[in-house]
There are 2 protein chains.
Amino acid sequence: MLGETTRDRKAERREATRQEILEVAWSLVREHGLAQLTLREVATRIGMRPPSLYTHFASKNAIYDAMFGSAWLEYEQLAARARVTLPAHPRARVRTMARNFFDFSVADLARYQLMNQRTIPGFEPSEHAFAPSVRVVRQTVELLGEIGVTDRGDVEILFALIGGLVDQQLANDPGGDSRSRLLDRAVTMWADGVGLPPGPE
Amino acid sequence: MLGETTRDRKAERREATRQEILEVAWSLVREHGLAQLTLREVATRIGMRPPSLYTHFASKNAIYDAMFGSAWLEYEQLAARARVTLPAHPRARVRTMARNFFDFSVADLARYQLMNQRTIPGFEPSEHAFAPSVRVVRQTVELLGEIGVTDRGDVEILFALIGGLVDQQLANDPGGDSRSRLLDRAVTMWADGVGLPPGPE
DNA sequence: GTCTATACTGTGATAGAC
DNA sequence: GTCTATCACAGTATAGAC
């Protein structure tokens, strides 16, 4: 009984430290860029010596891995919340889903690079961290299936289209909205191409 | 007279060494990945000590810069050769142009990352190295203008679509052809969307 | 002009004392 | 669990030999 309580408090404290490390890492990554993260800066900002970080994370890539997982978890939760108010009309639904992903992606360059680009040399997400990403894709395919999009190729083309616009936005006009204003037009082209029924605009 | 000859031979030798460095760098980058390039490995493979490379390039990023420039120059020349046999029919022309870019991109992951993604921390191409890329975009916009595509937004959507498919191909199915088989369908959707006249298939 | 020897700084990572 | 000390390995700068 007492032993359990002690263990719990230790575990809580340990988890709190873990979270603090991750929060500092996110701050630094947003300040200096995803790849510019250094363990020394994380440690000093947290009031630790660099080697002590290895008590909480096995390596630098393990930190990236946890960040990767939490980023996709965050988007998964956003998508789940959005789902309950998703328009029933096929075109409006796709537009909303595309907008949600686009805005989430463009809001944080470092996060997007971590989630969707392989910009960290040698980093591969673990199976565990990858799980939310897989669930999001499955959910999205399901939601598109409900409105009659059953061809996987059509889905991939939609993903490529939205991802391509995000990439352009972040690479050529970070902080701007030039590609954001093209998103609806692009999605409409796709909706026409896959034969979604026209609807009330 | 004699002085000139001497200078020429020295310049030739110098240029040859430069090219040798770049060739070795390309090999290493294809073997170990774009970001894994180290000056030490370039030097040893070429029979030099690492600091000696600084006689020929001001920094590691200067090597990346030269590689960036030559990669875009290579594609510019490919596009120029392809131009003379480009189909006159709008849809066939766009399909051919898209195919050329897609195949060139997918053929060499490291080259594509260098040309189109910002995967090297701290590397920004110089204005000089960037020039061929600018010319290629201008040429492409011109060629699309000839077939009636005048809206810059439509052009950006096409670029996003093709780039997105390349990214997916390289990230999810490197060496495969899953997205390659979607390219024509995607371009057709775009052609329908921007109102290119239907034609002989 | 070209290359070498040496060294400086910063990085992720490890070993062992407290 | 955190520290000190240290390692191996980057990129890079400089001085000097040929």
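Not measured: the values here are computed from a predicted model.
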Closest to the [X] side chain, choosing from [options]:
{"X": "Thr55(B)", "options": "dC3(C), dC3(D), dG11(D)", "answer": "dC3(C)"}
{"X": "Ser59(A)", "options": "dA13(C), dT2(D), dT4(C)", "answer": "dA13(C)"}
{"X": "Pro51(A)", "options": "dT14(C), dT12(D), dT4(C)", "answer": "dT14(C)"}
{"X": "Lys60(B)", "options": "dG11(D), dC3(C), dT4(D)", "answer": "dG11(D)"}
{"X": "Thr38(B)", "options": "dT11(C), dA10(D), dC3(D)", "answer": "dA10(D)"}

Is a salt bridge present between [X] and [Y], judged by a nitrogen-to-oxygen distance below 4.0 Å?
{"X": "Arg152(A)", "Y": "Glu156(A)", "answer": "yes"}
{"X": "Arg83(A)", "Y": "Glu76(A)", "answer": "no"}
{"X": "Asp192(A)", "Y": "Arg91(A)", "answer": "yes"}
{"X": "Asp151(A)", "Y": "Arg185(B)", "answer": "yes"}

What's the [atom1]-[atom2] distance between [X] and [N], to the nearest Å?
{"X": "Gln36(B)", "N": "dA10(D)", "atom1": "CD", "atom2": "P", "value": "12 Å"}
{"X": "Leu39(A)", "N": "dT2(D)", "atom1": "CG", "atom2": "P", "value": "15 Å"}
{"X": "Met48(B)", "N": "dC18(D)", "atom1": "CE", "atom2": "P", "value": "19 Å"}
{"X": "Tyr54(A)", "N": "dT2(D)", "atom1": "OH", "atom2": "C1'", "value": "15 Å"}
{"X": "Glu12(B)", "N": "dT2(C)", "atom1": "CD", "atom2": "C1'", "value": "18 Å"}
{"X": "Leu53(A)", "N": "dG12(C)", "atom1": "CG", "atom2": "P", "value": "10 Å"}
{"X": "His32(A)", "N": "dT11(C)", "atom1": "NE2", "atom2": "C1'", "value": "16 Å"}
{"X": "Ile46(B)", "N": "dT2(C)", "atom1": "CD1", "atom2": "P", "value": "14 Å"}

Within 45° of the ring axis of Phe102(A) and under 6.0 Å from its six-membered ring centre, is that where the NZ or CZ of Arg179(A) lies?
no

Taking atom types as they are modelled, would you say the side chain of Arg40(A) forms a donor-acceptor pair with the base of dG12(C) within the 3.5 Å cutoff?
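Checked by distance alone, the answer is yes.
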
Using only side-chain N and O atoms of [X], determine if any of them is under 4.0 Å from OP1 or OP2 of [N].
{"X": "Ser52(B)", "N": "dT4(C)", "value": "yes"}
{"X": "Arg49(A)", "N": "dT4(D)", "value": "yes"}
{"X": "His56(B)", "N": "dG1(C)", "value": "no"}

May I ask you to say what Ile63(B) touches in the nucleic acid, namely base, sugar-phosphate or nothing, with a heavy-atom cut-off under 4.0 Å?
nothing

